[in-house]
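Atoms within each ligand, like the ligands themselves, are counted from 1 in listed order.
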Amino acid sequence: MEKPSKIAPARGKLGVLLPGMGAVSTTFMAGVELVRKGKAQPVGSLTQMGTIRLGKRTEGRTPLIKKFVPLADLKDLTFAGWDIFKDNAYQSAANAGVLNPQDLEKVKPFLSTIKPMKAAFDHDFVKLIDGPNIKKGKNKYELALQIKEDIANFRKTSRVSRLVTCWCGSTESFVKPEEVHSTPEKFVEAMKSNHPAIAPSMLYAWASVTSGVPYANGSPNLSVDIPAIQTLAHEHNVAICGKDFKTGQTLLKTVLAPAFKARMLGLDGWFSTNILGNRDGEVLEDPGSFKTKEESKLSVLEYILQPQLYPQLYGKMCHKVRINYYPPRGDNKEGWDNIDIFGWLGYPMQIKVDFLCRDSILAAPIVLDLILFLDLAQRAGMRGIQEWLSFYFKSPMTAPGLYPEHDLFIQSMKLKNTLRWMKGEDLITHLGQEYYD
Ligand SMILES: NC(=O)c1ccc[n+]([C@@H]2O[C@H](COP(=O)([O-])OP(=O)(O)OC[C@H]3O[C@@H](n4cnc5c(N)ncnc54)[C@H](O)[C@@H]3O)[C@@H](O)[C@H]2O)c1
């Protein structure tokens, strides 16, 4: 890909489209409004709080990222979403129970105005929930066209100059890429014949991309990660990325595993278990949805530790992931990791991690960053898979034949170097020999 010759300014309003208005979406929208009102800080957001070093360490140039690249201002964000339930964003946020009532009260008038559009839903893909706010159509193609109409209407009525979609809907049942996902033509035929391998999230992805709207996928289901939609992203010059927000347990895994590998410490096994009680946890009780999540969570260690290159250290590791729905905890997940490592002469050691985290509090700033960075990429003319946004995902999308980069610090360097590259600054290699001449 060539370096962008120019980046169009972030002029006008940016419309944010959210399929799925549950815990993550509403925590994100409420948070943006609290920050806009000066009542909270955007903690966890690289676009809002992060800096970037430019040039040599001696130059002292470290601007805020949002001053270095032209990102949309928070005041220009305006929101719309779809859900199978009719609750507005305030009611949904109250149900999700992530933010306390005092915080929600401060943004009640704003959240109450955001009412979900009717969802394209298929119970076969999310078996444990059902709702009344659902589109009707002869086939999946008709549903996808209705989503396109929703997008066009929102564009017109909210007078936005640009749009970005971020899938924050439930995790769908596991589907493998098939022939029907291979080309745009086969994909349209399959929508028309109601093929069982076309999931609702793919309809949103197809509608967004063919409307020229960038699309991020926050869940582990395929959605935009199929050749048909990737081809369309190129044809329509649209930026896309996914899959599955990297928030709690996997975030720590992609910090710890690179440390073991860097020091050539061995790994016998890694057992990860979770308890959570939100709607996401309920959906993951279904074996189909759990399998999608499990695949996403499991792939990380194989790629980071490269057992094929280090069979003595990682050839026999046992990696297990469990997720248990436990209602009393709500959105406050607890993730335990038992890690069996070994050191010099093979002597065993153990590490225990107990992360009492808040799922949606960790996910909300990721949604914000993805929206702002995808909009930036779009204005810079960068189309197709945005691998530099791997930093935010458990299963980063890559070009065919490329293995994904999971190490958080490599991902962070890739992201910042991409920003430097977009702006014509020198890339930073951390070599540093020039300081000793
Ligand atoms: N919170 C995290 O830390 C985290 C991390 C990684 C991934 N995710 C993923 O993000 C997604 C959202 O998580 P959440 O905690 O907000 O879940 P949630 O259950 O609170 O919200 C999901 C919403 O999507 C709606 N929905 C389902 N199918 C839909 C469809 N076809 N169209 C429109 N709406 C639909 C549901 O009704 C629900 O309100 C999930 O897929 C989850 O796996 C979350």
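- Atom 19 (O) of ligand 1 has its closest protein heavy atom at Arg279 CB, 3.2 Å.
- For Phe125, no heavy-atom contact with ligand 1 is shorter than 4.0 Å.
- Taking only nitrogen or oxygen atoms, main chain and side chain alike, Val24 reaches within less than 3.5 Å of ligand 1.
- Side chains of Arg329 and Asn332: no donor on one and acceptor on the other come within 3.5 Å.
- Per-residue contacts place Ile84 under 4.0 angstrom from the following atoms of ligand 1 (heavy atoms of the residue considered): 37 (O).
- Judged by distance alone, with hydrogens and angles left aside, the side-chain atoms of Arg379 form a donor-acceptor pair with the main-chain N or O of Ala8 at under 3.5 Å.
- In terms of heavy atoms, Ser223 sits closest to Met202 at O-CG, 3.6 Å.
- Taken to the nearest 0.5 Å, the OH atom of Tyr215 stands 15.5 Å off from the CD atom of Gln386.
- Among the atoms of Pro220, none of the N or O lies under 3.5 angstrom from an N or O of ligand 1.
- Nearest protein neighbour of atom 32 (N) of ligand 1, counting heavy atoms only, is Tyr204 OH, 2.9 Å.
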**OP:** Verify side chain to side chain donor-acceptor pair (under 3.5 Å) between Ser272 and Lys320, making sure each step is shown before the conclusion.
**Re:** CA-CA 6 Å; Ser272 302; Lys320 283 190 190 295; over 6 Å; no
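- Distance from atom 25 (C) of ligand 1 to its nearest protein heavy atom, with residue and atom name: Asp83 OD2, 3.3 Å.
- Listed by atom number, the atoms of ligand 1 under 4.0 Å from Ala120 heavy atoms are 30 (C), 31 (N), 32 (N).
- Note on Lys243 versus Asp225: salt bridge recorded, some NZ/NE/NH1/NH2 to OD/OE distance being below 4.0 Å.
- In terms of protein heavy atoms, atom 21 (O) of ligand 1 is closest to Gly22 CA, 3.3 Å.
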Original post:
Hey, mind stepping through Ser112 and Asn88 against side chain to side chain donor-acceptor pair (under 3.5 Å) and telling me if it holds?
Top reply: CA-CA 6 Å; Ser112 303; Asn88 65 42; 4.5 Å; no
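- Heavy atoms of other residues, nucleotides or ligands lying less than 6.0 angstrom from CD of Gln146 number more than 12.
- For atom 11 (C) of ligand 1, the closest heavy atom belonging to the protein is Gly169 O, 3.1 Å.
- Here is the list of ligand 1 atoms found below 4.0 Å of a heavy atom in Pro200: 31 (N).
- Remark: minimum distance from atom 6 (C) of ligand 1 to any protein heavy atom is reached at Phe245 O, 3.1 Å.
- Set against the non-hydrogen atoms of Ala119, the atoms of ligand 1 under 4.0 Å away are 32 (N), 33 (C).
- With respect to Asp122 and Lys140, a salt bridge is recorded, a charged nitrogen being found less than 4.0 Å from a carboxylate O.
- Taking every non-hydrogen atom of Phe85 and a distance limit under 4.0 Å, the qualifying atoms of ligand 1 come out as 37 (O).
- Taking any N or O of Pro19, backbone or side chain, none lies under 3.5 Å from an N or O belonging to ligand 1.
- Close placement of the Phe373 and Trp388 rings is indicated, their centers lying within 6.0 Å of each other.
- Closest to atom 7 (C) of ligand 1 among all protein heavy atoms lies Asp244 OD1, 3.0 Å.
- A donor-acceptor pair shorter than 3.5 Å cannot be found between the side chains of His195 and Lys186.
- In the displayed structure, Tyr303 atom OH is contacted under 6.0 Å by at most 12 heavy atoms of other residues, nucleotides or ligands.
- Heavy atoms of Ala96 come nearer than 4.0 angstrom to ligand 1 in no pair at all.
- The side chain of Lys394, and not its backbone, has at least one atom closer than 4.0 Å to an atom of ligand 1 (non-hydrogen atoms only; side chain from C-beta on).
- Applying the 4.0 Å criterion to heavy atoms of Gly218 picks out, from ligand 1, the atoms 7 (C), 8 (N), 9 (C), 10 (O).
- By the 6.0 Å contact criterion, CZ on Arg358 is open, its count of non-hydrogen atoms from other residues, nucleotides or ligands being 12 or less.
- Looking from atom 4 (C) of ligand 1 to the surrounding protein, the closest heavy atom is Thr247 OG1, 4.2 Å.
- The environment of CD in Gln41 is sparse: at most 12 heavy-atom neighbours from other residues, nucleotides or ligands sit within 6.0 Å.
- Within the structure, ligand 1 has Thr171 among the residues with a heavy atom less than 4.0 angstrom away.
- Around the NZ atom of Lys127, the shell of radius 6.0 Å holds more than 12 heavy atoms that belong to other residues, nucleotides or ligands.
- Ligand 1 is never approached by Gly131 to a heavy-atom distance shorter than 4.0 Å.
- Taking distance alone, with nitrogen or oxygen atoms compared against 3.5 Å, Asp359 approaches ligand 1 more closely than that limit.
- Distances below 4.0 Å separate heavy atoms of Cys168 from the following atoms of ligand 1: 11 (C), 12 (C), 22 (C).
- Here the shortest heavy-atom distance to atom 29 (C) of ligand 1, taken over Phe121, Tyr392, Trp82, Phe28, belongs to Phe121.
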